[in-house]
*Asks:* 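So that we are looking at the same thing, I have put the structure below in structure tokens.
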Protein chains: 2
Amino acid sequence: MLPNSSTPHTPQECNAAMRPVRDALDLLGGKWKLPIIVGLTGGPLRFKQLQREVAGITAKMLSKELKELEINGLITRYVQADAAPVAVTYTLADYGRTLYPVIEALRLWGQQHRRHIMHPEAAAAEWLNAASA
Amino acid sequence: MLPNSSTPHTPQECNAAMRPVRDALDLLGGKWKLPIIVGLTGGPLRFKQLQREVAGITAKMLSKELKELEINGLITRYVQADAAPVAVTYTLADYGRTLYPVIEALRLWGQQHRRHIMHPEAAAAEWLNAASA
DNA sequence: CCGTATCCTCATCGATACTG
DNA sequence: CAGTATCGATGAGGATACGG
């Protein structure tokens, strides 16, 4: 839909088409969402473990981000109340893994872009050729 | 690389793998980058035209964002000095269009996510089935 | 027309101290 | 251990006025 389709798309139509993109961007945006998701790819972790995994994050930020990720269904929060002190375990939900292709697309472009910044013409040609092949 | 590969990936390796993702995310992030890129998909536009296309943006923001996009090679700036007053035309570079697959990936996930938010189980099952098919 | 300069507001994030 | 409360710094972004 983004590349020129046969139907003439007005600015209004384009904005509508871009809304889901903004959604995804906002969900992955910010400083910590991605590191947290990555940190949980290796398996479930407790709060403190996860904080160690995501280097530099404060408890406040981790708590806040985890809440948002849970609301969006990307992760699961499990409270083991019988233990003392309480243990809380966070798991990357199956739904969270549906983000992998998106992250991979971003990673591929980002990798290519680093090359492009150093060797603009060469990298651009390589990229364009790969796309047409 | 993101899904579990055969080689055990340490947090350090994961962070390294995520750096290009952060690059791409930062480039597309912010309030205006996307609308500007979309605004230029229809063809070259002059500054004022583009400002009208990107509803709500101020001249300051448009100028700043265009500078960043040009530095990254996504758009091209052409100054027609002989005209009075000067005419400046911005064009989405071929390289800028290499972002289309990335944007499309974001759009697909975002669209699916909107459905997921309303009908969690149904949408999740549908998505997972589609992935395995 | 194409911007820049200046001032301002507000959300984000960090540091620290504290609670169940 | 798993958070919350509070304060403060920083930076993105907006409003307005002005310059080339």
Side-chain angles (χ1 to χ4, degrees), chain A residues 15 18 22-40 43-72 74-92, chain B residues 15 18 22-40 43-72 74-92:
Chain A
N15 282 351
M18 284 305 116
R22 169 71 358 93
D23 290 348
L25 235 25
D26 291 345
L27 218 96
L28 251 45
K31 189 171 181 180
W32 299 115
K33 298 278 164 55
L34 210 43
I36 290 174
I37 292 173
V38 171
L40 286 176
L45 287 178
R46 292 174 56 174
F47 188 88
K48 200 74 178 187
Q49 293 176 314
L50 186 51
Q51 188 174 6
R52 269 187 292 269
E53 197 79 4
V54 181
I57 195 171
T58 63
K60 171 190 163 185
M61 274 301 117
L62 183 55
S63 174
K64 184 191 151 227
E65 303 285 65
L66 285 171
K67 234 173 267 177
E68 296 179 24
L69 291 173
E70 193 196 2
I71 287 177
N72 281 283
L74 302 176
I75 65 172
T76 300
R77 182 174 186 268
Y78 171 67
V79 183
Q80 200 165 357
D82 53 346
V86 280
V88 180
T89 305
Y90 292 92
T91 308
L92 185 61
Chain B
N15 282 351
M18 283 306 116
R22 170 68 2 93
D23 290 348
L25 233 26
D26 291 346
L27 217 97
L28 251 47
K31 190 171 179 180
W32 299 115
K33 297 278 163 55
L34 210 43
I36 290 173
I37 292 173
V38 170
L40 286 176
L45 287 178
R46 294 174 55 174
F47 189 86
K48 200 72 179 189
Q49 293 176 313
L50 186 52
Q51 188 173 6
R52 268 188 291 269
E53 197 80 3
V54 180
I57 195 170
T58 63
K60 171 191 164 185
M61 274 301 117
L62 183 55
S63 173
K64 181 188 153 231
E65 304 286 65
L66 285 172
K67 235 174 265 177
E68 296 180 24
L69 291 173
E70 193 197 2
I71 287 176
N72 280 285
L74 302 176
I75 65 171
T76 300
R77 183 174 186 266
Y78 173 67
V79 183
Q80 200 166 356
D82 52 344
V86 282
V88 181
T89 305
Y90 293 92
T91 307
L92 185 61

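The sequence lines fix the lettering, A, B, ..., with proteins before strands; numbering per chain opens at 1. Reckoned from all heavy atoms, side chains included, excluding hydrogens, waters and symmetry mates.
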*Asks:* How far does CH2 of A:Trp32 sit from OG1 of A:Thr58, to the nearest 0.5 angstrom?
*Replies:*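 Atom-to-atom, A:Trp32:CH2 and A:Thr58:OG1 are 7.5 Å apart.
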*Asks:* Could you tell me the separation between the CD atom of B:Gln51 and the P atom of C:dT4, rounded to a whole number of Å?
*Replies:*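 It is 13 Å, rounded to the nearest whole Å.
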*Asks:* Grab the CG-C1' distance between B:Asp82 and D:dG20 for me, whole Å please.
*Replies:*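 These atoms are roughly 16 Å apart.
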*Asks:* Can you tell me if the side-chain N/O atoms of A:Tyr90 get under 4.0 Å from OP1 or OP2 in D:dG3?
*Replies:* yes
*Asks:* Starting at atom CD of B:Gln49, determine the distance to atom P of C:dG3, rounded to an integer number of angstrom.
*Replies:* 13 Å
*Asks:* Mind calculating the distance between CG (B:Leu66) and C1' (C:dC1) to the nearest angstrom?
*Replies:* 15 Å
*Asks:* Tell me which nucleotide among C:dG3, D:dC1, D:dG3 gets nearest to the side chain of A:Arg77.
*Replies:*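 Closest nucleotide to the A:Arg77 side chain: D:dG3.
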*Asks:* Ignoring hydrogens, what is the shortest heavy-atom contact between B:Tyr90 and B:Ile75? Give both atom names and the distance.
*Replies:* CD2-CD1, 4.0 Å
*Asks:* Spell out protein contact along nucleotides 8-20 of chain C as letters: B when the base is contacted, S when just the sugar-phosphate is, - when no protein heavy atom is under 4.0 Å; keep the 5' to 3' order.
*Replies:* -----BBB-----
*Asks:* When you measure from the side chain of B:Glu68 to the backbone N and O of B:Glu65, does any donor-acceptor pair fall under 3.5 Å?
*Replies:* no
*Asks:* Which whole-number value in Å describes the distance from B:Leu62 CG to C:dC2 P?
*Replies:*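 Those two atoms, CG and P, are 10 Å apart.
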*Asks:* Does a nitrogen or oxygen in the side chain of A:Ser63 sit under 4.0 Å from OP1 or OP2 of D:dT4?
*Replies:* yes
*Asks:* Grab the two heavy atoms, one from B:Val54 and one from B:Ile36, that are nearest each other, plus how far apart they are.
*Replies:*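 What the structure gives for the nearest pair is CG2-CA, 3.9 Å.
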*Asks:* Please report the distance, rounded to the nearest Å, between CZ in B:Phe47 and P in D:dG20.
*Replies:*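 B:Phe47 atom CZ is separated from D:dG20 atom P by 17 Å.
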*Asks:* Can you check whether B:Arg46 has a side-chain N or O nearer than 4.0 Å to OP1 or OP2 of C:dC1?
*Replies:*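 False: B:Arg46 side-chain N/O out of range (4.0 Å or more) of C:dC1 OP1/OP2.
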*Asks:* Sub-3.5 Å donor-acceptor pair from the side chain of B:Gln51 to the main-chain atoms of B:Ile57, do we have one?
*Replies:* yes
*Asks:* Tell me whether the OP1 or OP2 atom of D:dA12 has a side-chain N or O from B:Lys33 closer than 4.0 Å.
*Replies:*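 No, B:Lys33 has no side-chain N/O under 4.0 Å of OP1/OP2 on D:dA12.
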*Asks:* From B:Leu66 CG over to B:Lys33 NZ, what is the distance, rounded to the nearest 0.5 angstrom?
*Replies:* 10.0 Å
*Asks:* Can you tell me how far P of C:dT4 sits from NZ of B:Lys48, to the nearest Å?
*Replies:* 14 Å
*Asks:* Between A:Pro44 and A:Thr89, what is the shortest heavy-atom contact and its length?
*Replies:* CB-CG2, 3.7 Å
